[in-house]
K.L.:
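Have a look at this one.
When a ligand or atom number is given, it counts from 1 through the structure's own listing order.
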Amino acid sequence: MAIFKRSAKTPSGFDWAGLAWMFLFFWYFSGITQLLIQLTDTSGFAGFRQAFVMSGIWLAPMLIFPRKTRVIAAVIGVVLWACSMASLGYFFIYQQEFSQSVIFIMFESNVSEAGEYMTQYFAWWIVLAFIAHTAFAIFLWTRLRPVYLPRGRAWVMATALLVAIIGYPLAKQMARHDDVASGFEAFESRIEPAVPWQMLVAYHRYTQQLDSMQGMLTSSSNIAPLKNLKDQQANLPTTLVLVIGESTNRGRMHLYGYPRDTTPNLDALKDQLQVFNNVITPRPYTIEALQQVLTFADEENPDLYLKTPSIVSVMKQAGYKTFWITNQQTMTKRNTMLTTFSEQADEQVYLNNNRNQNAAQYDGDVIEPFNKALADAAPRKLIVVHLLGTHMSYQYRYPKTFDKFTDRTGVPAGVRDDQLPTYNSYDNAVLYNDFVVSSLIKDYARTDPNGFLLYLSDHGEDVFDSAGHSTLGRNENKPTAPMYTIPFMAWASPKWRASHDWNFTAALDRPYSSSHLIHTWADLAGLSFDELDRSKSLVSDSFKVRPLMIGNPYEREQKALIDFSLMKPKAAPTVVKQ
Ligand SMILES: [Zn+2]
């Protein structure tokens with residue numbers, strides 16, 4: 001075996017260039033994918049930075065065992081290389097970062113589907129890219145040489161590296177969090193962008209997710225069925241569609257009077273739509289809102305979502321085959337609840353495997369599986385489509401062809417120049433959402449179904465809309481109207497209108513909270529059962545006006561919910577003591 005030369009030393013005798021080669025070698029395996037993610041603008045910078053920092057730990061064994069430099073580097077390198085091939089290949093195919101969702105999808109899909117994906121995306125350039133990637137890694141390995149330090153200093157340096165990169169961040173996260181598990185979880189998120197940790201973290205999270213999902217599914221399967229369920233539609237072929245949008249404030253939709261032309265397709269369908277003007281969400285966060293929207297839970301009874309059936313299980317009990325098509329992230333820990341709802345359906349299609357919410361992912365992807373579900377042979381079907389809608393970062397929600405609003409035309413005067421790109425990108429996202437929702441309606445109509453499609457957003461979003469034009473996003477502790485005002489509309493097929501009362505003119509302006517959706521939905525679908533309260537159905541003659549409660553029902557300190565209808569645009573919200 002060749003003896004390595006000691007070379008290129010600084011006056012102090014330390015081989016900085018040798019160290020740099022080593023770092024470059026280890027960083028390369030994470031860095032290549034992170035670099036591509038940066039260059040293609042697929043995600044933010046944090047992953048790139050973390051991958052850079054994490055690669056430093058491999059220098060520790062190199063400093064301690066300089067004589068074994070190439071052997072140790074080769075062993076570590078092979079592991080890193082294998083992981084980098086997986087994440088690079090995944091990026092080539094999906095332009096997405098590898099995450100625990102990928103592992104979930106891998107285990108969920110069967111072998112023939114996986115084979116289909118492979119043939120569909122196989123391209124010769126991928127093989128060439130893999131060869132080039134491997135060749136460059138080998139080239140970097142040939143550049144490695146031992147970096148010698150006096151024994152004692154080598155140990156000190158190696159220890160310092162491990163403490164700085166692993167020990168200190170881990171201790172910091174543990175101190176920041178109340179329990180060990182969430183501290184470790186935050187630490188995992190930091191190391192996840194680097195190989196091979198992404199694989200280990202992904203697998204660990206996947207198993208955790210399964211455990212907690214299993215727990216929720218077990219408890220949801222123990223939920224008692226509805227009492228005395230009767231179905232007007234019994235034995236009639238029926239297809240019903242529920243489209244759940246995301247972060248869309250109706251105040252930015254032309255259909256609801258916004259000056260910019262953000263909804264040309266829904267505007268064109270307007271005469272066929274029942275557009276409800278006064279619906280709000282109880283809570284401005286996806287999971288918290290949908291726990292109430294999809295179940296019998298509401299602000300007064302927030303825990304009912306674990307104890308009563310959801311819309312999906314109601315429809316299953318009524319004999320419908322249920323589908324859940326989602327473009328939302330399926331496997332982040334926060335989304336366990338969503339995945340639990342989706343797992344109640346008979347069939348699921350998961351389209352979004354991103355680790356990062358800020359990643360390009362377009363809702364147009366739902367159209368193909370939606371048409372497939374429409375074509376399913378089952379005579380009675382419920383199809384739930386969960387969109388990514390206009391969730392931030394808005395510029396990742398629409399393809400370039402929808403980049404229509406780029407200047408100040410139609411923008412309120414108070415919006416500053418530095419806010420303008422964000423303001424415009426939100427309108428472009430609304431424009432693309434209009435295309436997606438209208439496409440779903442048109443594709444549904446084309447099948448000449450017997451049934452209706454209902455679209456609502458989970459919550460709104462304040463994109464410099466409210467007074468002062470300084471609010472971006474959502475904050476339950478500083479509520480503004482745009483965070484709560486949601487689009488809510490329904491389309492019924494000619495067959496359905498021929499046999500059902502479908503004129504809701506008297507109901508279009510009723511103040512309504514989407515927390516009571518399940519009552520409206522059951523009423524529209526022609527179901528009745530003991531738990532149904534028609535005074536909570538937006539379309540019923542028995543409808544009763546109630547306060548539109550918003551706020552965190554678990555806030556024990558204050559125990560205060562706010563009535564949205566009493567919120568003045570500029571004044572402080574009126575507090576209603578519970
Ligand atoms: Zn949401």
K.L.:
Does this structure show an ion pair linking Arg252 with Glu461, if we count only N-O contacts that are shorter than 4.0 Å?
P.N.:
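The answer is no: the pair does not qualify as a salt bridge.
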K.L.:
Let me check your reading of the structure: within less than 2.8 Å of the Zn ion (ligand 1), is there an N/O/S atom from Ser247?
P.N.:
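No, since none of the N, O or S atoms of Ser247 sits under 2.8 Å from the Zn ion (ligand 1).
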K.L.:
Name whichever N, O or S atom of Asp458 ends up nearest to the Zn ion (ligand 1).
P.N.:
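The atom in question is OD2.
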K.L.:
In Glu246, what N, O or S atom is nearest to the Zn ion (ligand 1), if we give its atom name?
P.N.:
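Glu246's closest N, O or S atom to the Zn ion (ligand 1) is named OE2.
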K.L.:
Please confirm whether the backbone N or O of Leu538 pairs with a side-chain atom of Arg510, one donor and one acceptor, at under 3.5 Å?
P.N.:
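Side chain of Arg510 to backbone of Leu538, a donor-acceptor pair under 3.5 Å: yes, one is there.
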K.L.:
Check the orientation of Phe184 and Phe187. Use parallel for under 30°, tilted for 30 to 60°, and perpendicular for over 60°.
P.N.:
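Taking Phe187 first and then Phe184, their aromatic rings sit tilted (interplane angle of 30° to 60°).
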K.L.:
Do Arg260 and Asp427 meet the salt-bridge criterion of a basic N to acidic O distance under 4.0 Å?
P.N.:
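The answer is yes: the pair qualifies as a salt bridge.
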K.L.:
Short check: any N/O/S atom of His459 below 2.8 Å from the Zn ion (ligand 1)?
P.N.:
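Looking at His459, which is the residue asked about, there is an N, O or S atom under 2.8 Å from the Zn ion (ligand 1).
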